[in-house]
Amino acid sequence: MYKNLEEYLTEIRHHLSVKQGADEILTEIESHILEKTEQSYGEITADSLQKTIADYGNPRHVAEKYMEGEQLISPVYKKYLLAYTGILFAFHFVLILFAMIFKRSMVAFPFIYIPKPDSFWFILNIPTALIFDLGLVGLFFYFFTHKSFRFRLPWPKISKSPQPEKPDNPPKAITLILMLLGFALVLFTFIKYKTLFFASLNFPNPESLFNPTASIFYSWVLLNIFANEIIFYIVRFFTDGPWIRVLKNTVHLILFWLLWNSSVEVQATQVTGFDLYPFLVGLLVFLTVCVGLSFISSLVQMGKWLAHKARDL
Amino acid sequence: MTEDTQYLATEMNRGFLQVLVLVILEKSMYGYMMIKHLEKNGYTVEENTLYPLLRRLEKNLLIKSEWSVKEGRPKKFYVITPKGKQVQHKLLEIWKKQNLILEKSMEEHKNV
């Protein structure tokens, strides 16, 4: 048998999921391809076979047409797989954030164990959590697909449109210029005054809100967040897609992780007689949650975009 | 043909092809022969649509198959079964009735 035909048939066999008769199916396809090649091109050669094979179609798509019997997951559940994974991941992510904020490990069903954030590599818990949650939801849907009892899950309201969400507004040069000017101003302020957090604005000697070490550290993080926004805004001039937002939010999360896990001691200046520290911690928690939610939202957007791309193929 | 029209045409053809295959398999044929026969009658069908259909029809005992070696190559010949003929007659009755309903509906709307 010709090598290309043999490889093609092997590839179809790899994807075939019939209970019996795979050999007969492949013999029939082989016989058809050989006869069609002979009739169409006069003789059977590797080249003429390749043309017929190309016409016959992608091996996976050929095998799919023979698919019979039960689906792994019922189509009814498949369309909500990403939605439920998103919801579960949101809870899982909040627990990871708590572990990060309070620096302790946790045991919570069904996530089992969330380790204490001992090192930077803790950040890898986030994609691991997403993959785990996707598998867990898939497992539940597989179980419910193959059991005969009737039940109804509360379905979250999902947009019926198969199209992905409207893309962000296209990047504008004027916005970029303003961002760069803003960054330049902020950078200048930091270089001159060694802080971006002021308790009073008595120029030329304004009072910093924090002690010097904390001022420099927190200002540096803020500068990086700002720079991150600018870099990804520039990237959008060349290419666009929800993955850009995912990457940007990932960098934000890493910066927030640094904030929560730094050993820099913060001493907030007493302003109007009350201790600012709890307020600052509360603000940081709020911002961390916002970044976390933005990250989840960008993941869901990317999931929808990928699903839409897969449908187009 | 637009994408929507193509999708609807595929849905229409799906049912039609099943009836058509049951009709032409009054005479024993193998897959490639059937495709060429249908092409001669003005109907194009892809081979990786036809063969899975033949497998399903055989599984439902509407047609039966037999391997035979012709010109040094194994070929699977299909022919309709008695059960297949019963189903074929019923489907053709349904198709004729649908055709009448469609013509009548088109006539009514022509006069609106």
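This is a predicted model, so every value here is computed, not measured.
- Distance alone, capped at 3.5 Å, places no donor-acceptor pair between the B/Asn48 side chain and the A/Gly57 backbone.
- Interface check for chain A: of the options B/Pro74, B/Ser65, B/Pro52, the most heavy-atom pairs under 4.5 Å are formed by B/Pro52.
- Comment: A/Glu24 engages B/Lys76 in a salt bridge, judged by a side-chain N to carboxylate O separation of less than 4.0 angstrom.
- For the pair B/Glu46/A/Tyr56, no side-chain contact is recorded, criterion being any heavy-atom separation below 4.5 Å from C-beta on.
- The parts of A/Leu34 that come within reach of chain B are both its backbone and its side chain, each placing non-hydrogen atoms under 4.5 angstrom from that chain.
- Here the closest heavy-atom approach between residue A/Glu35 and residue B/Lys75 is recorded as OE1-NZ, 2.8 Å.
- Interface remark: B/Ile35 contributes side-chain atoms only to the contact with chain A (heavy atom separation under 4.5 Å).
- Counting non-hydrogen atoms of neighbouring residues, nucleotides and ligands closer than 6.0 angstrom, the NZ atom of B/Lys64 reaches no more than 12 such neighbours.
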Discussion item. Please determine whether salt bridge (charged side-chain N to carboxylate O under 4.0 Å, His left out) holds for the pair A/Glu28 and B/Arg55, giving the CA-CA distance in whole Å, both sets of side-chain angles, and the decisive distance to 0.1 Å.
Written reply: CA-CA 11 Å; A/Glu28 196 169 31; B/Arg55 187 179 157 87; over 6 Å; no

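- Taking OH of B/Tyr30 as the reference point, atom OG of A/Ser31 lies at 7.5 Å (rounded to 0.5 Å).
- Shown here is B/Glu26, whose CD atom has more than 12 heavy atoms of other residues, nucleotides or ligands within 6.0 Å.
- For B/Trp67, the CH2 atom counts as densely surrounded, since its 6.0 Å shell holds more than 12 non-hydrogen atoms of other residues, nucleotides or ligands.
- Residues A/His32 and B/Tyr51 place their aromatic rings such that the two centres sit under 6.0 Å apart.
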Discussion item. What verdict does the salt bridge (charged side-chain N to carboxylate O under 4.0 Å, His left out) test give for A/Lys36 and B/Glu47, after you've listed the backbone C-alpha separation in whole Å, the side-chain angles of each residue and the deciding distance to 0.1 Å?
Written reply: CA-CA 10 Å; A/Lys36 187 175 177 184; B/Glu47 46 271 286; 3.0 Å; yes

